[in-house]
Amino acid sequence: LLPVLEGLGLLHAAEVFHRDIAPDNILLPDDGGDAILLDFGAARRAINGRTDGFTAILKPSYAPIEQYAEAAGLRQGPWTDLYAVGAVVHFLLLGSTPPPATTRTLADEYQPLAQMHLPGLSTGFLAAIDWALAVRPQERPQSVAEFRAALCGERAAPQPQTLAMALSADTVDF
């Protein structure tokens, strides 16, 4: 996981977003070497911070909501790739992907990994994956460094905001 995040950090520093992270785009070398991120066909570079011209290229089980539509409030950025990384880890841990982001915006049936107490994994690590899988982009880690710190136990992942809490707020910006 860390080598994939290191590569993403380099891409993001150049304002390039992969936008197609999934198990079939991560090579695990036979010699046990570091994982390698592949297939940059969907990668795009943000120009002057603008991502509104990105085409919708996605894998439904791994794509966050902002990849489905062009909306002013749903910009793509590092948080977009981090959602996909979270979905990959979810798949590796449970053998299934999280529910599609489109479904989760209406009725979120995602079961947080941190509540599952999976053997051999810390609650902090699992909470970091849950953080990356937040439906709302602004509730996810905003950078690889922030996500890595949570994964490695150097900081705590924030508590997830439930949809009910969001709906009770004065404004909701989906």
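- Among all heavy-atom pairs drawn from Ala157 and Ala127, the shortest one is CB-O, 3.6 Å.
- With rounding to the nearest 0.5 angstrom, the CG atom of Leu5 is 11.0 Å from the CG atom of Leu10.
- Once rounded to the nearest 0.5 Å, the distance linking CD1 of Ile65 with OG1 of Thr103 reads 9.0 Å.
- Cys152 is listed as a side-chain neighbour of Leu2, based on a closest heavy-atom distance under 4.5 Å.
- Rounded to the nearest 0.5 angstrom, Ile129 CD1 and Leu1 CG are separated by 6.0 Å.
- Contact check for Leu94 versus Leu118: side-chain heavy atoms found under the 4.5 Å cut-off.
- In this structure, the side chains of Val85 and Phe147 come closer than 4.5 Å at one or more pairs of heavy atoms.
- The line from CD of Gln138 to CD of Glu66 is 9.5 Å long, rounded to the nearest 0.5 Å.
- Counting only distance, with no hydrogens or angles, the side chain of Asp20 and the backbone of Asn25 share no donor-acceptor pair below 3.5 Å.
- Contact check for Pro98 versus Gln111: no side-chain heavy atoms found under the 4.5 Å cut-off.
- Distance CD/Gln76 to CG/Asp81: 8.5 Å, rounded to 0.5 Å.
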**Request:** Begin from the C-alpha positions of Met116 and Leu93 and carry the test side-chain contact (heavy atoms from CB on, under 4.5 Å) through to its verdict.
**Result:** CA-CA 11 Å; Met116 293 184 191; Leu93 294 176; over 6 Å; no
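- The side-chain hydrogen bond (donor to acceptor under 3.5 Å, both in side chains) pairs that include a residue from residues 145-155 are Glu146-Arg155, where partners are two or more places apart or lie in different chains.
- Residues near Trp79 contribute nothing to a hydrophobic cluster around it, because no ILVMFWY side-chain heavy atom sits closer than 4.5 Å to its side chain.
- Atom CD of Gln142 has more than 12 heavy atoms from other residues, nucleotides or ligands within 6.0 Å.
- Scored by the salt bridge (charged side-chain N to carboxylate O under 4.0 Å, His left out) test, Asp24 finds Lys59 as partners (sequence neighbours excluded).
- Under a hydrophobic clustering in which Ile, Leu, Val, Met, Phe, Trp and Tyr are joined whenever their side-chain heavy atoms come within less than 4.5 Å, directly or via other members, Phe125 and Val144 fall into the same cluster.
- Here CZ of Phe17 is found 10.5 Å from CG of Leu82. Values are rounded to the nearest 0.5 Å.
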**Prompt:** How far apart are the C-alpha atoms of Leu8 and Ile21, what are their side-chain angles, what is the distance that settles it, and do they pass the side-chain contact (heavy atoms from CB on, under 4.5 Å) test?
**Reply:** CA-CA 10 Å; Leu8 279 178; Ile21 298 169; 3.7 Å; yes
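- Within the 4.5 Å cutoff, no side-chain heavy atoms of Tyr83 are placed close to those of Pro137.
- Applying the 4.5 Å side-chain rule to ILVMFWY residues, one finds Leu27, Ile36 in the same cluster as Leu38.
- In terms of modelled atom types and a separation under 3.5 Å, the side chain of Trp131 and the main chain of Glu139 share a donor-acceptor contact.
- Note on residues 113-122: no pairs pass side-chain hydrogen bond (donor to acceptor under 3.5 Å, both in side chains), not counting sequence neighbours.
- Here the shortest heavy-atom pairing between Ala63 and Ala101 reads O-CB, 3.5 Å.
- Across Gln67 and Arg19, no two heavy atoms sit closer than the pair NE2-O, 3.0 Å.
- Evaluation of the ring-ring contact (aromatic ring centres under 6.0 Å, His included) rule for Phe91 yields no partner, not counting sequence neighbours.
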